[in-house]
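Structure first, commentary second.
The figures here come from the full heavy-atom set of this structure, side chains too, leaving out hydrogens, waters and symmetry mates.
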Protein chains: 2
Amino acid sequence: MTTNAIARTRRFHRAVTSEVGALDSSFLGRGRPLGPARVLHAIGNGLSDVAEIRAHLKLDSGLMSRLLRGLEDEGLVTVTASESDARRRSACLTPAGKAEFAEYEALSDQQASAILSRHPHPEALLQAMDLVATALGFDRTAIQPVPVSDPRAQACLATYYGELARRFPAGFDVSLSADPEARDMEPPRGAFLLAVLDGMAIGCAGLKGTDKGYAEVKRVWVAPSARRMGLAGFLMRAIEDEARALGIATLRLDTNSALPEAVGFYRRSGWTEIPRFNDDPYPDVFFEKHL
Amino acid sequence: MTTNAIARTRRFHRAVTSEVGALDSSFLGRGRPLGPARVLHAIGNGLSDVAEIRAHLKLDSGLMSRLLRGLEDEGLVTVTASESDARRRSACLTPAGKAEFAEYEALSDQQASAILSRHPHPEALLQAMDLVATALGFDRTAIQPVPVSDPRAQACLATYYGELARRFPAGFDVSLSADPEARDMEPPRGAFLLAVLDGMAIGCAGLKGTDKGYAEVKRVWVAPSARRMGLAGFLMRAIEDEARALGIATLRLDTNSALPEAVGFYRRSGWTEIPRFNDDPYPDVFFEKHL
DNA sequence: CAGGGTGCCTGACAAAAGTCAGGCAATATC
DNA sequence: GATATTGCCTGACTTTTGTCAGGCACCCTG
């Protein structure tokens with residue numbers, strides 16, 4: 001590691017730390033201390049179980065209790081006993097709370113938009129921010145099953161198709177390909193997994209159930225910002241676990257020699273090349289793996 | 001501004017904010033509260049004037065006074081009256097303070113190095129961090145005169161020469177070019193300006209005095225992360241101000257048609273193309289400007 | 001239904017950070 | 001040389017955040 005590289009990294013930290021002061025302005029800009037603002041933000045983002053919020057924000061139980069009380073006194077949240085377990089409590093925004101949350105969101109959006117709009121090349125800046133964010137937090141990546149209809153899943157697939165269209169010599173039109181029915185990629189026939197980091201999907205993989213004695217792995221994609229970090233391996237291991245849990249013993253997949261990094265990855269990770277097993281126009285390489 | 005772009009920017013903020021928690025671990029990792037640690041850090045980085053530190057850290061005068069007293073009690077700093085103005089005070093690290101500061105530096109270096117070393121492509125990550133840091137803080141850019149021997153100036157020049165070597169069809173060897181004597185680019189004959197952001201040089205420009213009735217503008221360079229943001233314009237205006245202050249009425253410069261963005265920039269900003277005025281082997285376009 | 005565990009609340013503190021009014025000495029201004 | 005200003009200090013606060021022990025209601029287990 002050169003001294004220069006460390007100096008540049010630390011310069012980045014300095015820049016970002018002072019910018020986080022400005023970011024806090026979107027947290028502090030409404031005359032509320034950081035603690036209550038963070039709790040409000042967490043609730044607004046869908047966390048309701050008090051214990052979950054506490055774990056997420058790493059707050060002491062006593063402090064959490066008082067912060068919630070404060071928000072209740074302001075009329076922003078209501079706290080009720082959870083239905084399934086009356087010891088647990090569940091927080092939820094009142095209409096006033098929702099309005100207040102929306103104001104915080106607007107502040108954050110404004111700030112994000114300000115940064116982007118004063119830059120001469122926003123797309124390059126976004127790509128750089130994605131790369132940095134993924135590098136900083138990669139360990140926090142969570143792999144979770146979602147319905148294919150989840151908007152984040154759809155966004156991944158759209159990017160994936162766009163990339164195939166650019167990389168296949170003849171382009172790519174998903175409607176000509178054997179597009180799996182959504183319910184083939186949902187339990188109990190299959191699964192669709194999303195790799196999520198800081199709320200953004202950075203990869204996906206589908207498991208498509210068939211009636212032919214095997215399941216197919218489809219739509220394995222990793223965001224450019226997360227490549228070469230081993231995410232495909234995590235996704236494939238998770239897909240194999242899903243398959244085992246569904247009682248599937250054989251997996252197949254197809255890919256294209258225009259994607260050499262994918263072909264190499266499957267070769268390296270225990271897949272065996274087999275003859276063509278479908279008549280999809282796009283793939284030209286076929287693999288199988290027994291679990 | 002698309003919604004997606006804002007979401008990506010905000011995701012970056014989230015990622016970086018939680019990483020700043022980790023950064024604070026390098027500030028808090030030595031059992032000292034944030035306040036005193038920040039003051040120690042500021043003094044270690046060369047700030048000594050108490051009022052300057054206060055302005056930089058945005059601290060109340062009372063709080064600042066107490067923090068300094070705490071560091072004095074720990075034996076880490078000594079505070080003395082300033083020589084020029086006995087109302088002002090000046091803080092300076094004791095040997096123990098220097099050792100403590102070095103420990104903080106080591107923690108920060110370790111953290112920077114950890115981020116880089118776990119990434120598959122550190123140079124790409126560094127470039128992304130540079131781009132983001134420059135975008136976030138561009139308004140804070142300071143243009144300051146330095147001796148050409150300043151290590152930051154030398155680093156800029158080395159990068160500049162490297163870039164010329166890549167872009168000139170026949171390469172670039174500074175020893176074959178008319179490399180100005182250092183003292184031609186220092187007062188009273190000339191100047192060398194550095195654009196500094198968060199402690200890192202992101203651009204430079206030299207003013208080389210001659211005995212021929214004009215001064216030359218040399219070594220105008222902007223870091224890749226800061227291009228297209230108008231920095232060259234700021235630098236040139238500052239160079240012109242320096243020239244006027246030195247009583248110089250005519251500026252000349254040479255450049256190369258392999259650098260079309262530079263040629264275009266000079267054409268747009270009031271320079272007149274003139275015939276070749278030197279026998280340097282590299283340039284093929286020549287400009288003049290009267291102040 | 002007794003006993004142990006869990007989730008949240010309360011009270012009592014303590015540390016850290018921030019605020020404000022006044023005070024003192026040095027300096028600038030007229 | 002009187003007067004105002006500046007830079008820092010001190011004391012006396014408040015707010016925010018964090019910590020800890022105990023308590024109560026609820027849940028699970030046998």
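- In this structure, the side-chain contact (heavy atoms from CB on, under 4.5 Å) partners of R244(A), at least two apart in sequence or on a different chain, are E240(A), D241(A), L291(A).
- When each of dT10(D), dC9(C), dG18(D) is scored by its nearest atom to the side-chain atoms of S65(B), the top-ranked nucleotide is dT10(D).
- Taking every heavy atom of both residues into account, A238(B) and L193(B) meet most closely at CB-CD1, 3.5 Å.
- In terms of the salt bridge (Lys or Arg N to Asp or Glu O under 4.0 Å) criterion, E52(A) has no residue partners (sequence neighbours excluded).
- Contact annotation for R38(B): no contact, since no heavy-atom pair falls under 4.0 Å across all strands.
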Close N/O contacts between protein and nucleotides 19-23 of chain C (under 3.5 Å):
unit_1  : atom_1 : unit_2 : atom_2 : d
dT19(C) : O4     : R66(B) : NH2    : 3.4

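- The NZ-P distance, from K58(A) to dG18(D), rounds to 12 Å in whole Å.
- For D85(A), the side-chain contact (heavy atoms from CB on, under 4.5 Å) partners are R87(A), R88(A), not counting sequence neighbours.
- Residues R30(B) and L107(B) come closest through the heavy atom pair CG-CD1, 3.9 Å.
- If you take CG of D85(A) and P of dC8(C), they are 9 Å apart, rounded to a whole angstrom.
- Rounded to whole angstrom, the span from the CD1 atom of I53(A) across to the P atom of dC8(C) amounts to 9 Å.
- With sequence neighbours left out, the side-chain contact (heavy atoms from CB on, under 4.5 Å) criterion links A226(B) to T134(B), I202(B), V222(B), L231(B).
- Considering every non-hydrogen atom in both A135(A) and R118(B), the closest pair reads O-NH2, 3.4 Å.
- Comparing P33(A) and A86(A) by the nucleotide of DNA chain D that holds the closest heavy atom to each, the one mapping nearer the 5' end is P33(A).
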Pairs under 3.5 angstrom, nitrogen or oxygen only, protein versus nucleotides 3-5 of chain C, please.
unit_1 : atom_1 : unit_2 : atom_2 : d
dG5(C) : N2     : R87(A) : NH1    : 2.8

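- For residues 195-204 of chain B, every residue pair satisfying the salt bridge (Lys or Arg N to Asp or Glu O under 4.0 Å) rule, not counting sequence neighbours, is listed here: R140(B)-D198(B).
- In terms of heavy-atom proximity, T141(A) sits nearest to A195(A) at CG2-CB, 4.0 Å.
- Side-chain proximity of R69(B) to dG7(C), dC9(D), dC27(D): nearest is dC9(D).
- Of the residues in residues 76-83 of chain B, none lies under 4.0 Å from DNA chain D by heavy-atom distance.
- A pairwise comparison of heavy atoms in L40(B) and G97(B) identifies CD1-O, 4.5 Å as the closest pair.
- Take Q154(A) and apply the side chain to side chain donor-acceptor pair (under 3.5 Å) test, not counting sequence neighbours, and it matches no residue.
- Within the nucleic acid shown, R32(B) has no heavy atom closer than 4.0 Å to any nucleic acid atom.
- Atom pair L68(B):CG and dG7(D):C1' shows a separation of 13 Å (rounding to whole Å applied).
- Between the P atom of dC24(C) and the CZ atom of R89(B) lies a distance of 17 Å, rounded to the nearest Å.
- Distance, L59(B) CG to dA16(C) P: 15 Å, rounded to whole Å.
- Residue R88(A) contributes atom CZ, which lies 14 Å from atom C1' of dC28(D) at whole-angstrom precision.
- Legend: salt bridge (Lys or Arg N to Asp or Glu O under 4.0 Å) pairs involving residues 72-84 of chain A, not counting sequence neighbours, sorted by first then second residue: R32(A)-E74(A), R69(A)-E72(A).
- Contact check of residues 40-51 of chain A against DNA chain D (heavy atom, cut-off under 4.0 Å) returns no residues at all.
- Applying the salt bridge (Lys or Arg N to Asp or Glu O under 4.0 Å) test to R11(A) and every residue at least two apart in sequence or in another chain returns D130(B).
- The distance from atom CG of L57(A) to atom P of dG18(D) is 10 Å, rounded to the nearest whole Å.
- The heavy-atom pair separating Y104(A) from A37(A) by the smallest distance is OH-CB, 3.8 Å.
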